[in-house]
Asker: 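So that we are looking at the same thing, I have put the structure below in structure tokens.
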Amino acid sequence: MADSREQFGSKLGFILAAAGSAVGIGNLVGFPVGAAKNGGGAFLLMYAVFVFFICLPVMIAEMTVGRSAQKDPLGAYTDLSNRNPGWRFAGWLSIVTPFMIAVFYLVITVWIFGYLFESVIGNLDELAQPETFGTFINSYNLFVYMAGVIAIVYLILQGGVKKGIEKAAKILMPALFFMLLVLVIFVLTRDNAMAGVAFYLVPDFDKIDASVVNGALSQAFFSLSLGMGIMITYGSYIDKRADLPGSAKLVALTDTAVAFTAGLMILPAIFSFNPEVNPEELSESSISMIFSYLPQIFLEMQSTFGYVGASAIASIFFLLVFFAAITSLVSIFEVPVAALMSEKGMERKKSLMVCGAGLIIFSVFCALSFGFVTFFTEFFNYAGSTKSFFDVVYDVFYDTILPLNGLLICLFVIYRWKKANFNEELDRGAPNFKGSIFERYVNFSLGTFIPVILLVIFVNTVALKYFGVALIG
Ligand code: PHE
């Protein structure tokens with residue numbers, strides 16, 4: 001298998017695919033509202049510093065490991081550590097984590113697909129009713145939408161790296177940028193839009209406390225798709241002559257630019273169509289923003305643009321979020337699919353079938369955990385609250401294990417694989433990077449304060465989530 005490893009066709013294709021992974025639901029909704037509520041410009045500044053000084057080195061580390069090993073994360077950890085069992089465990093974590101995150105991300109993508117469909121067929125008024133979301137996530141229609149999303153993911157992934165992932169990214173990402181710009185221009189030219197811009201951007205340094213700092217860093221880490229084995233896998237599909245640090249910088253920049261631009265769409269839209277908004281009441285949860293709050297804002301638009309106009313705007317918005325979600329979903333699901341292919345020598349389609357069957361089973365469990373089936377709805381108890389199956393998957397894999405995976409890759413690269421090997425791979429295709437200040441910074445940070453910070457986040461999350469003890473903030 002190894003000698004015929006699939007590859008991206010071009011550097012642009014790789015960057016778009018990796019940016020497609022990074023740009024997700026969090027960028028479009030979670031980031032803007034989180035930023036606006038937690039210090040505006042002050043939050044943005046801090047976020048940008050975290051992206052470039054903490055997350056970018058981790059992204060470079062992941063891509064480099066993947067390209068050197070030309071393997072999935074399990075194979076990469078195994079080969080580069082000479083089959084050390086401890087590091088093989090880290091490899092396992094890097095394929096189980098994306099599989100489980102794919103499970104709950106699929107469910108959210110299915111909801112978005114459903115809302116897209118409903119707004120296209122003219123049911124915006126219904127989507128704007130407060131009780132709709134609760135009913136919607138417990139309806140049988142959900143399984144029809146789920147079949148639709150799974151079919152799309154299958155269609156993209158069965159095409160392979162170049163004719164599937166890369167081709168989809170080359171179509172979906174420019175379409176996403178275009179829709180985002182259209183919506184931003186539309187929103188910024190409305191009355192009262194500038195109040196939203198001011199709320200988003202005016203810095204308030206008093207709001208920055210330890211928990212905001214922790215939140216901003218976690219958001220940046222998740223937003224760049226780190227700790228999920230994705231950048232290792234995508235890195236293994238890139239040409240040995242390609243400039244890895246340069247590509248990683250562009251991916252980080254694109255992801256941050258999209259998150260920033262999304263703020264210029266969401267907040268002015270809220271302020272313009274609901275001038276009495278009390279900013280403190282805006283929920284930071286992407287879920288309640290997308291599915292409960294924004295449909296009401298879209299419906300407000302009918303007084304200016306008529307029902308059809310308002311439905312069209314809502315449809316473009318949901319299509320935008322859907323494109324962002326589907327490129328992320330594809331990237332994360334590719335990790336276990338690629339692992340099964342190279343570890344077991346399976347054909348792509350067979351691996352897709354096997355992983356897909358698992359994905360469907362677990363996702364159905366997740367979908368049933370909002371009231372449908374009591375066993376899944378009241379799945380577990382910790383830190384004094386009852387958690388659904390969906391909550392447990394989210395808490396364990398998304399919130400807890402991601403920073404742990406980030407910590408492990410830093411330690412692995414510097415202390416096990418060793419700096420010299422890392423730098424040799426890194427400089428291939430980027431001769432100017434050799435000996436540069438940034439290279440020295442990447443080496444130093446990955447071996448020192450980045451793993452320490454990730455360890456603190458990990459320990460804090462475990463204490464807070466499972467024992468109800470707040471160590472920070
Ligand atoms: N960056 C993605 C987002 O913001 C995170 C992610 C990537 C989640 C891939 C799932 C799969 O949504």
Side-chain angles (χ1 to χ4, degrees), residues 15-35 47 50-51 55-56 58-59 62 73 94-112 149 152-153 156-157 165 168-169 172-173 176 180 215-234 248 251-263 266 284-287 289-290 320-338 355 359 362-363 366 390 393-403 405-406:
I15 291 171
L16 284 178
S21 171
V23 172
I25 302 167
N27 296 59
L28 294 177
V29 188
F31 173 82
V33 183
Y47 182 85
F50 287 163
V51 165
C55 298
L56 185 57
V58 180
M59 182 184 277
E62 292 200 8
S94 306
I95 55 173
V96 173
T97 312
F99 177 82
M100 292 310 286
I101 292 179
V103 165
F104 86 80
Y105 210 78
L106 172 69
V107 176
I108 301 176
T109 309
V110 167
W111 296 341
I112 291 167
V149 173
I152 296 171
V153 172
I156 296 176
L157 284 182
I165 299 173
L172 298 178
M173 291 310 285
L176 183 152
L180 182 61
L217 181 55
S218 307
Q219 165 82 20
F221 193 81
F222 302 145
S223 188
L224 292 179
S225 296
L226 302 177
M228 311 183 192
I230 297 174
M231 296 302 167
I232 301 180
T233 308
Y234 276 16
V251 173
L253 197 67
T254 309
D255 186 64
T256 309
V258 170
F260 174 75
T261 311
I266 300 282
E284 263 173 52
S285 131
S286 302
I287 303 290
M289 260 327 262
I290 299 180
L320 168 73
V321 183
F322 181 64
F323 281 4
I326 209 85
T327 45
S328 296
L329 189 58
V330 160
S331 73
I332 202 159
F333 199 50
E334 172 66 9
V335 180
V337 169
C355 294
L359 179 71
F362 282 104
S363 300
C366 268
F390 182 97
V393 173
Y394 182 92
D395 284 354
V396 172
F397 291 96
Y398 199 77
D399 255 351
T400 315
I401 299 192
L402 280 196
N405 286 343

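Each ligand, and each atom within it, is numbered from 1 in the order the structure gives. A quick note: this is a predicted structure, and the numbers were derived from the prediction, not measured.
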Asker: What class does the angle between the rings of F99 and F362 fall in, given that below 30° is parallel, 30 to 60° is tilted and above 60° is perpendicular?
Answerer: perpendicular

Asker: Can you tell me if S331 uses its side chain to pair, donor with acceptor, with the backbone of S21 under 3.5 Å?
Answerer: no

Asker: Given 3.5 Å as the limit, does a donor-acceptor pair link the side chain of N27 with the main chain of D255, or not?
Answerer: yes

Asker: Please lay out, stage by stage, how Y105 and S328 fare under the test side-chain contact (heavy atoms from CB on, under 4.5 Å).
Answerer: CA-CA 9 Å; Y105 210 78; S328 296; 3.6 Å; yes

Asker: For the rings on F104 and F397, is their centre-to-centre separation under 6.0 Å?
Answerer: no

Asker: Partners of E334 by salt bridge (Lys or Arg N to Asp or Glu O under 4.0 Å), sequence neighbours excluded?
Answerer: R348

Asker: As a test of reading the model: which N/O atoms of the protein lie under 3.5 Å from N/O atoms of ligand 1, and at what distance?
Answerer:
{"residue": "ligand 1", "atom": "1 (N)", "partner": "A22", "partner atom": "O", "Å": "2.6"}
{"residue": "ligand 1", "atom": "1 (N)", "partner": "F222", "partner atom": "O", "Å": "3.3"}
{"residue": "ligand 1", "atom": "1 (N)", "partner": "S223", "partner atom": "O", "Å": "2.9"}
{"residue": "ligand 1", "atom": "4 (O)", "partner": "N27", "partner atom": "OD1", "Å": "3.3"}
{"residue": "ligand 1", "atom": "12 (O)", "partner": "I25", "partner atom": "N", "Å": "3.3"}
{"residue": "ligand 1", "atom": "12 (O)", "partner": "Y105", "partner atom": "OH", "Å": "2.6"}

